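Everything numeric in this text was worked out from a predicted model, so none of it was measured. Below, each value reflects all heavy atoms present in this structure, side chains not excepted, and no hydrogens, waters or symmetry copies. Letters go in sequence order (proteins before strands), and every chain restarts at 1.
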Amino acid sequence: MRPPKPVIGFYPKFIVKKYLQQLQSIMRKFSIFLFLCLFYTFSSLAQNPLRVSIKGIVQDTSSDVLAGATVMLLQPKDSALVNFSRANDKGIFEFRNVKNAHYILKISYVGYIPYQQLISPSVKEIVDLGTIGIKPISKELLEVVVKTARAPLTIKGDTIEYDARSFKVPQGSTVEDLLRRLPGMEVDAQGNIKAQGKDIKKVLVDGKAFFGDDPKAATKNLGAETISKVQVFNDKSEQAKLTGVDDGKKEKAINLELKDEYKKGAFGKITAAVGTDSRTALRGNYNRFNKKEQFSILGYGNNINETGVNWSDYGEFKGNNTFNQNDNGDFGFGGGGRYYYSNGDGITNNFDGRGFTKNGGGGVNYNFDNKKTKLSTSYFYNQTRLTLDQYQSKKTFLQDNSFTTIDTTNQSNFRGNHSIGTRFEQMVDSSNTVIAKVNLRFSTNTIATKEAERNFSEANALRTATELNNSSDVSSFNLTSNIIYRHKFKKKGRTFAFSTGYNVNNSDGTENLNSTSKFLNAGTVADQIRALGQLNNNANRQNLLKGSALFMEPLSKKIYWESFYNFSTDNREVGRDAFNAKLANQRMDSLSTYYKNNISYNRFGTSMRYSHSGVNVTLGLAALRIDLDGKLYPRKDAQLISSISRNYNEVTPYIGADIELKSNTYLSFNYNLNIDAPQIADLQPVINNNNPFYLSTGNPDLSPEKSHSLGTYFYKFDPATFLNINLWADYSYYLSQVVYNQTVDPTTFVTRTRPENLSGGRRFSSGLYTGFPIIKTKLTVNVNSSLNVSSNPTYINGVLNQNNTQNYEFRLGFSLTPSEKLIISANGRLGFGIIKYTISEAQNQHIRNNSLDASVKWNFAKKTFLETNLDYTNYRNDRFDFNQDIPIFNCSVRRLFLKENKLEVRLAAFDIFNKRQSIVQQGYQNTVSNLTALTLARYFMLSLTYNMKGHVDKLKKNQGWE
Amino acid sequence: MKNSIIIIALFALSFQTYAQQNEGIIHFTRTTYWTKLNGTLSYLSKQEKEKQAYMFGGKDDWKEYTLLFFNEKESRYTHSEEQSEESEGYSWRKEEYNIRRNFEKNTMNDAVEMLGKVYLIEDSLQVPNWKILNDIKDVAGHICMKAMIQDTVKNQKIIAWFAQDIPVSAGPERLYGLPGLILALDINDGAVTVEASRIESKKLTTELDLPKKQKGKKINDAAYQEMLRKFIQEKIKEERNPFWIIRY
């Protein structure tokens with residue numbers, strides 16, 4: 001029987017000699033124990049009592065009894081606690097009737113070195129240990145223990161481990177300087193190291209050789225502050241390692257364990273793909289990090305309609321700056337807005353399904369975080385070149401008439417953006433925090449549009465036809481900046497926050513409008529053809545200054561009082577010079593404009609909240625004032641023509657309730673009165689004639705939109721059956737809504753729109769989502785249904801038209817995971833829309849979009865996966881005689897190769913039936929439209945992805961947060 | 001001469017601590033580090049865990065406050081009314097969680113809400129399988145010794161730090177049975193930490209009394225553990241985090 005390995009922790013003085021003496025004495029004791037153990041192992045063959053009593057007296061070195069000392073009996077093999085007791089006021093302890101076995105007796109007392117002693121099975125029924133003297137911890141060591149809460153040195157087997165943080169060295173010291181301070185360690189002038197008198201042949205860093213075999217390479221070059229632990233151990237000789245035969249020769253070696261923050265890492269991946277029809281894609285990212293810093297590079301280029309990266313890659317790029325808390329400085333009802341949010345920065349894919357795009361982008365990101373200071377900065381450039389061909393047919397209803405517009409558009413569009421962002425957060429101290437953010441964006445956008453538009457009468461006779469050839473070139477500059485300061489007062493719950501921001505939005509551009517229109521009903525030949533050649537020079541300037549303050553005061557444990565103030569002043573300058581290209585580029589005064597607008601916004605709000613055990617109810621009231629100030633000039637630097645000045649004062653109530661009930665039930669309700677200032681473009685009193693058949697003019701007399709909104713939400717989760725139910729309903733009613741009233745010429749169908757305020761618009765939406773397992777962990781079902789009802793009024797040729805729409809949607813889905821290697825899901829969706837127009841009741845529309853999709857993920861062989869999905873959608877509108885089936889079938893096989901599955905090879909087929917196109921059916925105001933756009937259809941692609949960290953070689957049941 | 005100063009200093013210190021605080025209230029801060037907690041889930045790949053740490057490390061902590069009422073015979077551990085900074089004055093409903101231990105009668109009487117139901121766990125106190133380790137550290141002004149226990153149901157390695165100078169076997173969460181009062185816990189390398197921030201020595205009045213009427217389903221500890229085990233197993237199989245629903 002091998003004697004138990006002692007686990008000894010002790011705390012030496014910083015005197016090498018004494019430390020070595022102690023070590024020797026322990027070794028001596030240990031050999032006595034060894035002997036005793038062996039002895040008792042033999043002697044226990046004789047009849048020993050089954051149960052014994054163990055007793056003794058605890059004293060300190062000056063023979064004072066230590067009353068109340070903790071005495072423990074541990075099992076030698078794993079230090080398991082068997083029994084414990086306390087020394088009485090005479091220092092006597094006793095364990096009665098314990099099993100006669102091997103024990104470690106451990107005595108601890110505050111200010112004393114924990115004492116350990118091995119006890120072996122006894123031949124007698126009473127084991128009297130006599131007087132046990134325990135030693136006080138030296139004063140300096142006690143300080144180390146109490147202050148750093150760490151033991152500076154421990155012994156595990158034949159390894160001595162020093163806690164580097166307990167040995168203070170001056171800043172900038174090397175590991176060599178640190179070693180000089182460790183008890184038992186010697187370093188000579190040349191840097192040669194000895195531990196317990198023996199030469200150190202090898203220095204490892206985190207268990208790995210550091211730049212070859214020279215032990216000085218690490219100790220002379222590494223900074224002491226990077227080290228958390230120094231371990232001295234006996235290593236097998238190189239010979240022994242090579243042959244695998246332990247020759248008994250031991251060499252002293254040192255292992256330096258790095259602190260976590262100096263643990264560096266890197267990850268990254270690169271994907272290259274080629275496909276049929278010269279489809280290609282390349283994307284890659286590389287990240288390096290340590291505990292404080294993160295650095296990343298991301299780049300992509302493709303012609304497969306990926307205008308950006310996915311959210312997962314975006315998260316890796318932005319690292320710990322992806323989600324930020326407390327970034328909203330626009331305080332209002334319902335707290336300071338402490339939520340995480342992320343916006344994708346325009347780097348994420350936002351392709352809308354129409355057309356063909358070529359995309360490219362790349363950037364760098366750097367984050368620094370040492371808990372107190374957080375700094376993130378990034379630069380990104382991205383561009384997209386879009387080629388779009390689309391066909392739209394739109395039917396417009398008038399009071400006793402209707403007409404159809406057929407539009408064929410070919411557009412090419414180039415967008416390029418440079419963006420630079422910086423975020424800085426400083427925790428000044430535990431009660432003050434400052435966040436500063438600056439984002440800059442430079443963009444260019446070039447659009448060329450060729451459009452053919454034809455208007456047909458109700459009897460399907462061609463009335464007008466126009467060919468447009470427009471182009472525009474805009475470059476813009478955008479700055480947003482924001483500083484938020486938060487202060488926590490000594491009184492718990494009392495907080496103050498202040499924010500200020502400055503935004504700039506400038507754009508300069510030219511527009512080239514060319515069109516030829518034929519009016520087939522016109523009386524005279526001169527009226528039959530109209531040609532337009534116009535050049536617009538646009539210059540828009542906006543700067544916005546804003547500030548917000550928030551104060552929160554706990555009135556009692558359950559009542560909070562919250563007040564906020566918002567201020568902003570928004571200055572805009574819009575300039576357009578229109579020139580007639582057909583008349584020697586003469587300025588067209590009627591289509592030119594220059595105006596300046598200022599909107600100031602002031603809001604003060606206050607609320608009371610009751611907050612107690614899951615019930616949070618807020619009642620609030622805000623007073624706001626909007627001042628609109630507009631000045632109109634014929635051109636820049638000219639005499640003022642007219643000016644408008646308006647102000648609106650409103651009082652808006654707020655009610656909010658969040659209630660968390662027993663058994664996982666949650667309820668919320670809120671009511672708001674919303675006031676929104678009119679869009680500045682709608683106030684612009686100038687004609688937009690980009691399309692000669694659809695002319696819009698602004699209205700300087702607009703007043704703000706005003707609406708009541710109500711929302712409720714109910715959630716319940718039953719953990720026993722895993723059933724969850726979500727129910728919600730939202731309603732809003734417009735007291736004043738900005739709508740685009742129309743005047744339509746009954747013969748030419750030229751439409752003029754003008755924004756005006758109207759009341760009576762309504763919206764109601766409601767939904768239900770529920771999901772539960774039919775067979776736990778195997779088969780889940782979910783039901784999702786929603787209802788949207790809205791009523792939107794507009795005046796058409798002076799007659800009020802109510803556009804009432806009802807949209808119903810019902811989804812049913814199943815997800816089946818029969819094994820770890822197979823995941824099947826199937827979903828069905830029925831969508832039904834009814835659109836009614838009070839102006840022309842016979843024209844009510846019924847739009848249907850039904851779909852069925854099924855997907856299979858199958859890990860059918862080792863490291864090999866098949867993924868396939870079929871999405872079958874039917875678009876239908878009987879009145880249009882429109883009935884289109886779009887079956888999209890994708891299939892791919894991928895296999896993982898190399899060590900740690902670093903390489904993934906994937907062969908994918910997209911849209912195998914070659915049917916993909918984009919279809920949008922919708923009805924609004926007095927129209928119903930149907931849009932079809934071409935987009936990327938069938939292609940096959942082979943892609944290779946190399947991931948430094950390897951790919952996951954199993955199927956994921958849930959996408960999780962990705 | 002120098003030695004005698006040390007001895008005097010030590011005496012002063014031992015007197016200070018000798019005034020044993022065997023009755024009072026301990027204020028604990030319980031912090032959950034979600035990325036570390038998720039890091040203990042077996043179904044997440046190494047890549048996913050590293051990515052979570054990369055994106056959320058350093059801002060994944062969630063603080064709660066708890067109280068332990070104790071004397072030499074009994075203890076009760078429950079939520080504190082105190083709200084964390086993160087709550088911004090919003091109050092969330094706290095699940096029923098009252099852990100009662102009677103060391104004299106050797107009984108537990110816990111009211112624990114789990115999966116929407118309150119369970120009354122009534123059982124005798126079994127001797128927990130603590131291992132005593134060598135390190136010592138200071139928690140809230142008390143020098144504590146290190147002990148370790150394995151929770152095989154929740155698959156947790158729990159490190160407890162117990163005060164040498166408070167001879168009470170009570171502790172936070174459902175832990176007990178050490179020679180001194182447990183002042184700090186570290187579950188699975190810092191996924192959840194519970195640490196005493198303040199120790200209030202005072203005479204307790206009714207804090208330890210059993211409520212007259214307790215609503216809930218009575219079960220024994222083994223049945224409760226079995227229920228936990230089954231639930232965790234099911235959720236892990238579904239690849240969902242069971243500790244979004246139950247206490248870690």
Side-chain angles (χ1 to χ4, degrees), chain A residues 7 9 62 68 70 72 74 78-81 84 86 106 108-111 114 136 138-139 145-146 149-151 154 267 289 294 315-316 319-320 322 325 335-336 338 369 371 493 552 554 557 560 609 611-616 660-661 663-664 718-720 776-777 949-950 952 956-958 960, chain B residues 5-7 9-10 13-14 17-18 20 43-48 50-52 54-59 81-83 85-86 88-94 114-117 129-139 142-143 145 147 164-165 167 177-180 231 234 237-240 245:
Chain A
V7 185
S62 42
T70 309
M72 291 172 268
L74 312 182
D78 57 1
S79 297
L81 180 66
F84 63 86
R86 298 243 162 205
K106 187 163 186 155
S108 81
Y109 192 75
V110 177
S138 74
K139 189 176 169 241
V145 171
V146 171
R150 274 181 217 111
T154 46
F267 60 91
F289 64 93
Q294 299 182 328
E316 281 183 9
N320 63 23
T322 312
Q325 234 184 357
R338 185 185 266 272
D369 182 351
K371 304 257 173 196
M552 191 163 93
K557 270 197 169 170
Y560 286 79
R609 186 171 72 237
S611 257
H612 182 63
S613 64
V615 178
N616 296 279
E660 215 182 328
L661 297 166
S663 53
N664 302 294
D718 178 10
K776 269 188 189 173
T777 77
K949 289 277 180 181
V952 180
K956 282 225 45 95
K957 287 188 184 168
N958 305 304
Chain B
I5 294 171
I6 294 169
I7 287 166
L10 279 169
L13 196 116
S14 35
T17 46
Y18 194 73
Q20 281 178 348
Y43 59 84
L44 287 178
S45 67
K46 192 179 101 222
Q47 289 95 330
E48 285 170 304
E50 282 173 354
K51 192 168 164 182
Q52 289 195 15
Y54 187 74
M55 283 178 68
F56 298 99
K59 47 182 172 188
E81 285 289 306
E82 201 178 338
Q83 291 182 6
E85 296 286 355
E86 288 96 336
E88 291 231 323
Y90 274 81
S91 146
W92 304 111
R93 185 181 164 272
K94 287 168 182 133
M114 194 185 120
L115 309 181
K117 245 185 180 168
N129 190 20
W130 286 107
K131 290 181 179 31
I132 306 295
L133 305 172
N134 283 309
D135 309 61
I136 55 180
K137 94 169 183 180
D138 172 271
V139 183
H142 291 259
I143 294 176
M145 296 189 77
Q164 299 179 59
D165 53 345
L178 281 166
F231 179 79
E234 249 168 29
K237 194 158 183 222
E238 266 193 342
E239 298 186 1
R240 292 196 189 276
I245 300 166

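- Remark: Asp718(A) engages Thr721(A) in a side-chain hydrogen bond (donor to acceptor under 3.5 Å, both in side chains) (not counting sequence neighbours).
- Note that OG1 of Thr322(A) is 8.5 Å distant from OH of Tyr54(B), once rounded to the nearest 0.5 Å.
- Only the side chain of Lys776(A) comes within contact range of chain B, judged by heavy atoms closer than 4.5 Å.
- Between atom CG of residue Leu133(B) and atom NZ of residue Lys106(A) there is a gap of 7.5 Å, rounded to the nearest 0.5 Å.
- Of the listed residues Glu81(B), Lys94(B), Met114(B), Gln47(B), the one with more heavy-atom pairs under 4.5 angstrom with chain A than any other is Gln47(B).
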Evaluation steps, side-chain contact (heavy atoms from CB on, under 4.5 Å), between Met55(B) and Glu316(A): CA-CA 7 Å; Met55(B) 283 178 68; Glu316(A) 281 183 9; 5.6 Å; no
Trace of the side-chain contact (heavy atoms from CB on, under 4.5 Å) decision for Lys131(B) with Asp78(A): CA-CA 7 Å; Lys131(B) 290 181 179 31; Asp78(A) 57 1; 3.5 Å; yes
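- If you measure heavy-atom distances from Ile132(B) to chain A, the contacts under 4.5 Å come from both the backbone and the side chain.
- Judged as a side-chain hydrogen bond (donor to acceptor under 3.5 Å, both in side chains), and not counting sequence neighbours, Asn664(A) has no contacts.
- In terms of heavy atoms, Leu81(A) sits closest to Gly177(B) at CD2-O, 3.8 Å.
- Proximity to chain A (any heavy atom under 4.5 Å) is restricted, for Lys46(B), to the side chain, taken from C-beta onward.
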Stepwise side-chain contact (heavy atoms from CB on, under 4.5 Å) check, Phe267(A) with Glu50(B): CA-CA 10 Å; Phe267(A) 60 91; Glu50(B) 282 173 354; 6.0 Å; no
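- Only the side chain of Asn616(A) comes within contact range of chain B, judged by heavy atoms closer than 4.5 Å.
- Between atom CD of residue Gln164(B) and atom OG of residue Ser108(A) there is a gap of 3.5 Å, rounded to the nearest 0.5 Å.
- Only the side chain of Thr70(A) comes within less than 4.5 Å of a heavy atom of chain B; its backbone N, CA, C and O stay farther away.
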